[in-house]
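Comments concern the structure below.
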Amino acid sequence: MALSKAQEKAFEKWLASRGVRPKCAACGTESGWMVHNEILSAMVLDLDHKKISPSTAGFFVLVCKHCKHVMFFAAAPILQG
């Protein structure tokens with residue numbers, strides 16, 4: 001499901017309040033970041049029992065506009081804060 005405007009604004013405000021820098025750790029450019037338009041969830045892999053199950057973790061995603069490097073941020077504490 002797409003991010004609501006309120007969720008996107010909350011994430012952007014959180015990034016600014018934490019001083020997240022626009023410089024990409026992978027390529028070094030400061031061309032900026034794109035916010036992925038959905039909160040991503042993860043899957044839990046239990047290799048011993050050969051099971052996959054949904055995780056309760058959700059992530060906001062930033063993508064470097066230049067090299068497409070990706071950074072993940074835990075969504076729950078950002079939206080609760």
Side-chain angles (χ1 to χ4, degrees):
M1 186 163 77
L3 290 178
S4 69
K5 289 291 182 193
Q7 290 171 324
E8 190 170 345
K9 291 289 183 199
F11 182 42
E12 290 171 355
K13 182 179 177 183
W14 184 89
L15 290 170
S17 73
R18 300 305 191 278
V20 176
R21 297 185 179 126
K23 185 175 182 177
C24 177
C27 69
T29 66
E30 293 189 26
S31 59
W33 297 89
M34 296 179 295
V35 176
H36 181 70
N37 67 348
E38 296 176 317
I39 293 177
L40 297 185
S41 65
M43 300 300 284
V44 176
L45 303 175
D46 181 347
L47 298 177
D48 291 336
H49 297 100
K50 298 180 181 165
K51 288 177 27 177
I52 298 174
S53 57
S55 170
T56 57
F59 301 95
F60 282 108
V61 180
L62 285 182
V63 181
C64 175
K65 289 181 180 179
H66 178 72
C67 74
K68 309 308 179 214
H69 175 69
V70 175
M71 292 196 318
F72 296 94
F73 295 86
I78 294 170
L79 294 174
Q80 293 170 359

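- There is a path of hydrophobic side-chain contacts, each under 4.5 Å, that joins L79 to L15.
- Two different hydrophobic clusters hold V20 and L40 under the rule that ILVMFWY side chains link at heavy-atom gaps under 4.5 Å.
- The environment of NZ in K68 is crowded: more than 12 heavy-atom neighbours from other residues, nucleotides or ligands sit within 6.0 Å.
- A pairwise comparison of heavy atoms in A10 and I78 identifies O-CG2, 4.2 Å as the closest pair.
- With a 4.5 Å cut-off on side-chain heavy atoms, V35 and L62 count as touching.
- Under the 4.5 Å side-chain heavy-atom criterion for ILVMFWY residues, a single connected hydrophobic cluster contains both V70 and F59.
- Counting heavy atoms from C-beta outward, E38 and Q7 have side chains that stay 4.5 Å or more apart.
- Separating the SG atom in C27 from the NZ atom in K65 is a distance of 13.0 Å, to the nearest 0.5 Å.
- Across every non-hydrogen atom of H69 and C24, the tightest pair is CB-SG, 3.8 Å.
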Any chance you could lay out the side-chain contact (heavy atoms from CB on, under 4.5 Å) test for C67 and T29, step after step, and finish with the verdict?
-> CA-CA 9 Å; C67 74; T29 66; over 6 Å; no
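- No side-chain heavy atom of D46 sits less than 4.5 Å from a side-chain heavy atom of S53.
- Heavy atoms from other residues, nucleotides or ligands lying under 6.0 Å from CZ of R18 number more than 12.
- With sequence neighbours left out, S55 forms a side-chain hydrogen bond (donor to acceptor under 3.5 Å, both in side chains) with no residue at all.
- Note that OG of S17 and CD of E12 are 12.0 Å apart. Values are rounded to the nearest 0.5 Å.
- Residue pairs meeting the ring pair (Phe, Tyr, Trp, His ring centres under 6.0 Å) criterion with at least one member in residues 9-48, sequence neighbours excluded: F11-F60, F11-F73, W14-F73.
- To the nearest 0.5 Å, atom CD of residue E8 and atom NZ of residue K13 are 15.0 Å apart.
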